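Just so it is clear, the values below take in all heavy atoms, side chains as well, and ignore hydrogens, waters and symmetry mates. Every chain is numbered from 1 and lettered A, B, ... according to where its sequence line falls, protein lines coming before strand lines. What you are looking at is a predicted structure, and each value in this text was computed from that prediction instead of being measured.
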Protein chains: 2
Amino acid sequence: MTGTILIVEDEPAIAELIDVTLKRNGHHTLRASSVEEAIHLIDRALPNLALIDWMLPGASGIDLIKRIRSNKRTQSMPVIMLTAKAGEDDKLLGLYKGADDYITKPFSPRELVARIKAVLRRRAPQLTDDIVETNGLQVDPVTHRVTANGDALRMGPSEFRLLHFFMTHTERVYTRTQLLDQVWGDHVFVEERTVDVHIRRLRQALEKSGYDEHIQTVRGAGYRFSKS
Amino acid sequence: MTGTILIVEDEPAIAELIDVTLKRNGHHTLRASSVEEAIHLIDRALPNLALIDWMLPGASGIDLIKRIRSNKRTQSMPVIMLTAKAGEDDKLLGLYKGADDYITKPFSPRELVARIKAVLRRRAPQLTDDIVETNGLQVDPVTHRVTANGDALRMGPSEFRLLHFFMTHTERVYTRTQLLDQVWGDHVFVEERTVDVHIRRLRQALEKSGYDEHIQTVRGAGYRFSKS
DNA sequence: CTATATTATGACTAATTTGTTACATAAGCA
DNA sequence: TGCTTATGTAACAAATTAGTCATAATATAG
C-alpha cells in the first residue's frame, strides 16, 4: 500500500541509509545516482514519490525537478528535496522550484519518514496506512478489511483499491482514465470500459449494506464518491 | 526464544556483571571488548540485540552503531547504548544516532533487564518470553508449547515460529516476503510459495481445535491472523 | 418523443493466485 | 548407522479475479 519511492542520491552511503529506512517502513524503493538514471527509471514506472539530492553529478537536482514538473505524466509526482545547504535563501529557492518539501542534511531516519508521510498524506492519501471512514463504512489498509457498521464486506483486490482510492478522494469526479492511472497504475494498458465493470463489482459488494449509493455516475465525465 | 545479546564493553568487570545478569535471565550472550571484535561477531551470527558502550578503545560506540545501521543485514538489530554521560544533550544525541534506548551508568541489573525487555517487546515481540494467548489458544515460547484450551497441539518448529509471530502481530496483513523476513530470518533465500506450504501445515495443526480459522488468506496481499 | 450517446450488466475466457499433495533432501536423534 | 522428523520445491488442482465483449437500459439534446 505504501508505494514506490525513488531515491536520487549519488553518495552510496546516504542512499543506502535512506533505502533501508524506507524499506523498514514498508516502502518499495528505486535508486538512481544521476539525473539520467532517474529519468530512465521514472520513464519505466512512475514512482509515488521522489527524494532528490540537490547536488548531483552533471545536471543538478533542481534541473531534474524542472523536468519532472514540465512533463504532464510526471508533473503531479510529489518530490522531496535533500539539501546540505541550510541557508534561508536556498530553502525558499528549493521550495519555489517545485519541491513539495525539503530536508536538510544531516537528517534522522525518523524525520525522513515523518516528512514522507506528511507529503503523501497531502498528495496521495491512498498510499498511507490510515483507516478511512465515512458514515460507518470503513476501509483499513493495514488489516486489508472493509466493514460496514462493523460487519465485513468481501470484494476482490481491485475493488478494494478502487474503494480505498475513492474514500481518500471523495466529492470529486474522476474520469476512467484517471481512475486507471491512479488505481491500476500508469503504464497499464486496459480498456476504459473495464472501469465500468469494476465499478459494477464494487457496487455489488456494497449493495447489501446500502453504501453503493455513494458510488455515483457522472454522465459524460466519470465517477465520484460522495459522502451524502 | 530469548535470543542472543551482544555485549560490547571494554571494562571487564562491567562486562562480566552484565553477562551474568543476562544469562541468569535466560539470554545467550556474546562478548566483545572492541568495535572490531564486535563487527567480527556480528558478522558470524546476527545477535537479537546489542548493548554497546559509548566509550570504547579505538572507534567509539557511536561509530559502531553507524556501521550497524548502514548495513542492510544489521540495520534492524535493536541497540541499547551504555553511557556514563548523563547530560541531556548526549542522551538526545545518542538516540538520534540510531540507538533504540540508552542506559546511564551506573545501572542496576534489574534496570538493564527491564530495558532489554522493553526494547525487544517493541522491536521484536516474537523474541520475548511472554506467553501469548488469544481466545484460549496459547503459545509459550519458554516451554515451546502450544495449547488449545488446555490440550497440547503438535507442530514443527517453523510452524511454531510462524504461529508465534502471528500471535504477536495480529490483525495485520503480511506479505509472503515480510513473513519470510520476520519468521525465517533475513538473508535466507527461499521461495515465496514456501510460506503457503507452512501456512497449510500450521492450519492442519490447528484444524482439530478450530483455531485454523484465525489464519486468514488475504488474496492479492498475503496472510493475516485475526482474533475474531 | 426520437435519435444518439453513454452507461449498466451479464456472460465468457484468460490469467493469476492460492491450496494441496508428493517427493527429495537435510537434519536430528537413538 | 538407520530411523524419524522437518524443510523446501515442484507440480497440479481449485478457486478467484481480471479483462473484454455483446447487449440492454438509460439519459439527454434537439
Side-chain angles (χ1 to χ4, degrees), chain A residues 144-146 152-166 173-208 211-226, chain B residues 45 144-146 152-166 173-208 212-226:
Chain A
H144 224 269
R145 255 187 190 128
V146 182
L153 302 182
R154 45 171 294 132
M155 60 186 70
S158 300
E159 287 71 38
F160 183 91
R161 290 199 310 276
L162 187 56
L163 177 60
H164 189 221
F165 176 79
F166 270 136
V173 184
Y174 290 92
T175 65
R176 292 176 175 72
T177 304
Q178 287 174 324
L179 289 172
L180 285 175
D181 282 352
Q182 299 279 330
V183 179
W184 274 253
D186 81 328
H187 272 207
V188 293
F189 167 64
V190 289
E191 292 290 321
E192 285 207 342
R193 293 271 136 228
T194 297
V195 175
D196 298 36
V197 177
H198 284 277
I199 288 280
R200 160 71 174 148
R201 288 171 183 159
L202 175 55
R203 278 171 172 160
Q204 276 179 323
L206 298 175
E207 219 157 55
K208 67 173 181 293
Y211 286 105
D212 58 313
E213 308 270 314
H214 296 277
I215 310 286
Q216 302 174 344
T217 303
V218 180
R219 210 181 163 76
Y223 298 95
R224 170 182 61 203
F225 185 98
S226 172
Chain B
H144 223 268
R145 249 185 203 129
V146 183
L153 302 181
R154 43 174 294 130
M155 61 185 69
S158 300
E159 287 71 39
F160 183 90
R161 290 199 310 276
L162 187 55
L163 177 60
H164 190 221
F165 176 79
F166 270 135
V173 184
Y174 290 93
T175 64
R176 292 175 175 73
T177 304
Q178 287 174 324
L179 290 172
L180 284 175
D181 282 353
Q182 300 279 331
V183 178
W184 273 252
D186 75 331
H187 74 317
V188 291
F189 170 64
V190 289
E191 292 292 319
E192 285 208 342
R193 298 304 312 290
T194 297
V195 174
D196 298 37
V197 177
H198 284 276
I199 288 280
R200 161 71 174 146
R201 288 170 182 159
L202 176 54
R203 277 172 173 160
Q204 274 179 324
L206 298 175
E207 220 158 54
K208 67 174 181 293
D212 58 314
E213 308 270 315
H214 296 278
I215 311 286
Q216 303 175 343
T217 303
V218 180
R219 206 151 226 280
Y223 297 96
R224 169 183 64 202
F225 186 98
S226 173

Self-check item: Value rounded to 0.5 Å, distance of CE in A/Met155 from CZ in A/Arg203
Solution: 13.5 Å
Quiz item: What is the distance, rounded to the nearest whole Å, between atom CG of A/Asp196 and atom P of C/dT9?
Solution: 10 Å
Quiz item: When rounded to the nearest 0.5 angstrom, what is the spacing between CG in A/Leu206 and CD1 in A/Ile215?
Solution: 6.0 Å
Quiz item: Are OP1 or OP2 of C/dA8 and a side-chain N or O of A/Tyr223 less than 4.0 angstrom apart?
Solution: yes
Quiz item: Would you say A/Arg161's side chain and A/Val183's backbone share a donor-acceptor pair under 3.5 angstrom?
Solution: yes
Quiz item: How many Å lie between CG on A/Leu202 and P on C/dA8, as a whole number?
Solution: 12 Å
Quiz item: By side chain to side chain donor-acceptor pair (under 3.5 Å), which residues pair with A/His198, not counting sequence neighbours?
Solution: A/Glu159
Quiz item: Roughly, in whole Å, what's the span from NE2 in B/His144 to P in D/dA6?
Solution: 11 Å
Practice problem: Could you state the atom-to-atom distance from CG of B/Leu162 to C1' of D/dT7 in whole Å? | Solution: 14 Å
Quiz item: Please give, in whole Å, the distance from C/dG19 C1' to B/Ile215 CD1?
Solution: 15 Å
Self-check item: From CD (B/Glu192) to OG1 (B/Thr177), nearest 0.5 Å
Solution: 3.5 Å
Quiz item: Could you write nucleotides 17-30 of chain D as a row of B, S and -, 5' to 3', where a protein heavy atom under 4.0 Å of any base atom gives B, of only sugar-phosphate atoms gives S, and otherwise -?
Solution: SBBBB----BBS--
Quiz item: Which part of the nucleic acid, if any, lies within reach of A/Val218 when heavy atoms closer than 4.0 Å are counted: base, sugar-phosphate only, or nothing?
Solution: sugar-phosphate
Quiz item: What integer distance in Å separates B/Gln216:CD from D/dA15:P?
Solution: 19 Å
Quiz prompt | side chain to side chain donor-acceptor pair (under 3.5 Å) against A/Arg176, all qualifying residues, sequence neighbours excluded | solution = A/Asp196, A/Tyr223
Quiz item: What is the distance, rounded to the nearest whole Å, between atom CZ of B/Arg224 and atom P of C/dT18?
Solution: 13 Å
Quiz prompt | Length of the CZ-P vector between A/Phe160 and C/dT17, whole Å | solution = 17 Å
Exercise. Without swapping roles, check the side chain of B/Arg145 against the backbone of B/Ala152 for a donor-acceptor pair under 3.5 Å.
Key: no
Quiz item: Which nucleotide, C/dA8, C/dT21, C/dG19, lies nearest any side-chain atom of B/Arg200?
Solution: C/dT21
